Amino acid sequence: MKHILIILAGVALVYVLFLKPKKLVTFVPASQQPKKLAARASQEPTLQAVAPPPRVSQQEAIESVKTSGLARQSGFRSLPFKKVDGYWELPLQFVSTLKHCEMGDLDLIRIDQKRRDINSLILVLDDMTSQKNIFYKKLDPASLANLSLTVRWKASDEPRPIGLYICSDVKDSRSCVTASVTDVNRPLERAKPPQNNDKVYYFQFLQEASQISLLDASRSQSKNPKTLGQVFKDEGMGTQAASKLAENVARTHLEIGSMAARVERESKKLIIDLPQNDPACPLPQLKF
């Protein structure tokens, strides 16, 4: 038994030393290693330096908040209309609302046109600073109550104060910015008004910038030249120009007394309200 164990041990030793297959090891030349490392490095994404956003000073931030807050207090409201291919598109809807035993804008327009024997009515957008016309369209007084249209004009690269007017245009000037701004009740005076004197019947102030803003004329501050002048000045307008524009806007809103335009949520149109007397309550003034 002892001799058998010795023989088996010897056989195992011979297998380990001479007969067991050896694992082959491949050595890569050192000259090839840097090339592979370089190739791998070239595939790594490079990090681009990102410029930090411009820092706004605390004072600038405070002034921005003050400006926007003062604009809101004055009655400025942003309108939900966008540019289309570099043009603003403003969908308008004229609505005639009935007033009980009280005349409105639509009555005064018709009375004035009839008494002066004219049929000349236009809708325009005028630049209130340069007095240049931006948009022009003739209107028919008889079909004004339910008129629907889209006002389209080339967007400006700079902020621009715009007056949305309805006026007579006997002089064919295709503009309302120079038309007479007087008390809308004057057409009811006994003396027949001059035939060739163009008059403003409706006015709404708009501010064109990166968006269109509307000045809500129902707010008392919208008729305050001092407050409006500060808003225009804060937006970058010169002191003298800001004061002149503010006085013009405040006076026109006060004299004309038009209802502020409003956005209808369902149709997403800018509504121009033109009240008129309810026919159920006839007024003697309407017999002119």
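Just so you know, these numbers come straight off a predicted model, no measurement behind them.
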How far does CG of Asp216 sit from CG of Leu214, to the nearest 0.5 angstrom?
7.0 Å
Nearest heavy-atom contact between Trp88 and Ser210 is CH2-O, 3.6 Å
Tell me if a side-chain donor or acceptor on Ser120 pairs with a main-chain N or O of Asp169 at a distance below 3.5 Å.
yes
Residues Leu228, Phe76; criterion side-chain contact (heavy atoms from CB on, under 4.5 Å); working and verdict
CA-CA 10 Å; Leu228 290 179; Phe76 281 94; 4.0 Å; yes
Which value, rounded to the nearest 0.5 Å, describes the distance between Cys176 atom SG and Gln131 atom CD?
12.5 Å
Given a cutoff of under 4.5 Å between side-chain heavy atoms of I, L, V, M, F, W and Y, with clusters grown through shared members, what are the other residues clustered with Val95?
Ile271
Could you grab the distance from atom CG of Leu106 to atom OG of Ser96, nearest 0.5 Å is fine?
5.0 Å
Do any pairs count as a ring pair (Phe, Tyr, Trp, His ring centres under 6.0 Å) and have a residue in residues 99-131, sequence neighbours left out, and if so which ones?
none
Separation between CG (Asn119) and NZ (Lys114), nearest 0.5 Å, reads 13.0 Å
ILVMFWY network linking Leu121 to Val170, side-chain heavy atoms under 4.5 angstrom:
no
Nearest heavy-atom contact between Asn133 and Asp126 is ND2-OD1, 3.0 Å
Sequence neighbours left out, what pairs pass salt bridge (Lys or Arg N to Asp or Glu O under 4.0 Å) with at least one residue falling in residues 269-280?
Arg262-Asp273
Closest contact, heavy atoms only, Gly229 versus Ala246
N-CB, 3.3 Å
Taking side chain to side chain contact (heavy atoms under 4.5 Å, CB included) as the definition, give me every residue that meets it alongside Lys132, ordered by chain and number, with sequence neighbours left out.
Ser130
Listed by chain and number, what are the side chain to side chain contact (heavy atoms under 4.5 Å, CB included) partners of Asn146, not counting sequence neighbours?
none
Return each pair, listed once, that meets salt bridge (Lys or Arg N to Asp or Glu O under 4.0 Å) where at least one residue sits in residues 239-248; pairs must be two or more places apart or across chains.
none
Any side-chain heavy-atom pair from Val231 and Gln207 closer than 4.5 angstrom?
no
Show, in sequence, the C-alpha distance, side-chain angles and deciding distance for Leu270 and Gln204, and conclude whether the side-chain contact (heavy atoms from CB on, under 4.5 Å) test is met.
CA-CA 11 Å; Leu270 187 66; Gln204 172 63 64; 5.8 Å; no
Among pairs that include at least one residue of residues 251-277, which meet ring pair (Phe, Tyr, Trp, His ring centres under 6.0 Å), considering only residues two or more places apart or in two chains?
Phe203-His253
Closest contact, heavy atoms only, Asn277 versus Asp107:
N-OD2, 2.6 Å
Just so I know, are the side chains of Pro161 and Asp127 near enough to count as touching, which here means a heavy-atom distance under 4.5 Å?
yes
How close do Ala250 and Asn224 get, heavy atom to heavy atom, and via which atoms?
CB-N, 4.3 Å
Partners meeting side chain to side chain contact (heavy atoms under 4.5 Å, CB included) with Ser168 (sequence neighbours left out)
Gln113, Arg116, Ile118, Asp198, Lys199, Tyr201
Do Leu123 and Phe94 have side chains that approach each other closer than 4.5 Å (heavy atoms only, starting at C-beta)?
yes
Around atom NZ of Lys83, are there more than 12 heavy atoms of other residues, nucleotides or ligands at under 6.0 Å?
yes
Worked verdict on Met128 versus Asn248 for side-chain contact (heavy atoms from CB on, under 4.5 Å)
CA-CA 9 Å; Met128 296 188 68; Asn248 189 0; 3.5 Å; yes
Verify the cluster assignment for Met259 and Leu206: are they in a single hydrophobic cluster under the rule of side-chain heavy atoms below 4.5 Å apart?
no
So, using side chain to side chain contact (heavy atoms under 4.5 Å, CB included) as the criterion, who are the partners of Glu102 when residues are at least two apart?
Lys99
Taking the side chain as C-beta and beyond, is there a heavy-atom pair between Leu90 and Phe135 under 4.5 Å?
no
Contacts of type ring pair (Phe, Tyr, Trp, His ring centres under 6.0 Å), residue Phe232, not counting sequence neighbours:
Phe205
Once salt bridge (Lys or Arg N to Asp or Glu O under 4.0 Å) is applied, what residue pairs with a partner in residues 150-165 remain, sequence neighbours excluded?
Glu89-Arg152, Arg160-Glu208
Is it possible for you to say whether Leu254 and Val249 belong to one hydrophobic cluster, with membership spreading through side-chain heavy-atom contacts below 4.5 Å?
no
Heavy-atom check, side chain of Leu245 versus side chain of Met237, under 4.5 Å:
yes
What's the spacing between Ile212 CD1 and Ile162 CD1 if we round to 0.5 Å?
5.5 Å
Show which residues join Leu98 in its hydrophobic cluster (side-chain heavy-atom contacts under 4.5 Å, direct or indirect), or state none.
none
How far apart are the C-alpha atoms of Arg174 and Ile122, what are their side-chain angles, what is the distance that settles it, and do they pass the side-chain contact (heavy atoms from CB on, under 4.5 Å) test?
CA-CA 8 Å; Arg174 297 194 172 198; Ile122 61 174; 5.5 Å; no
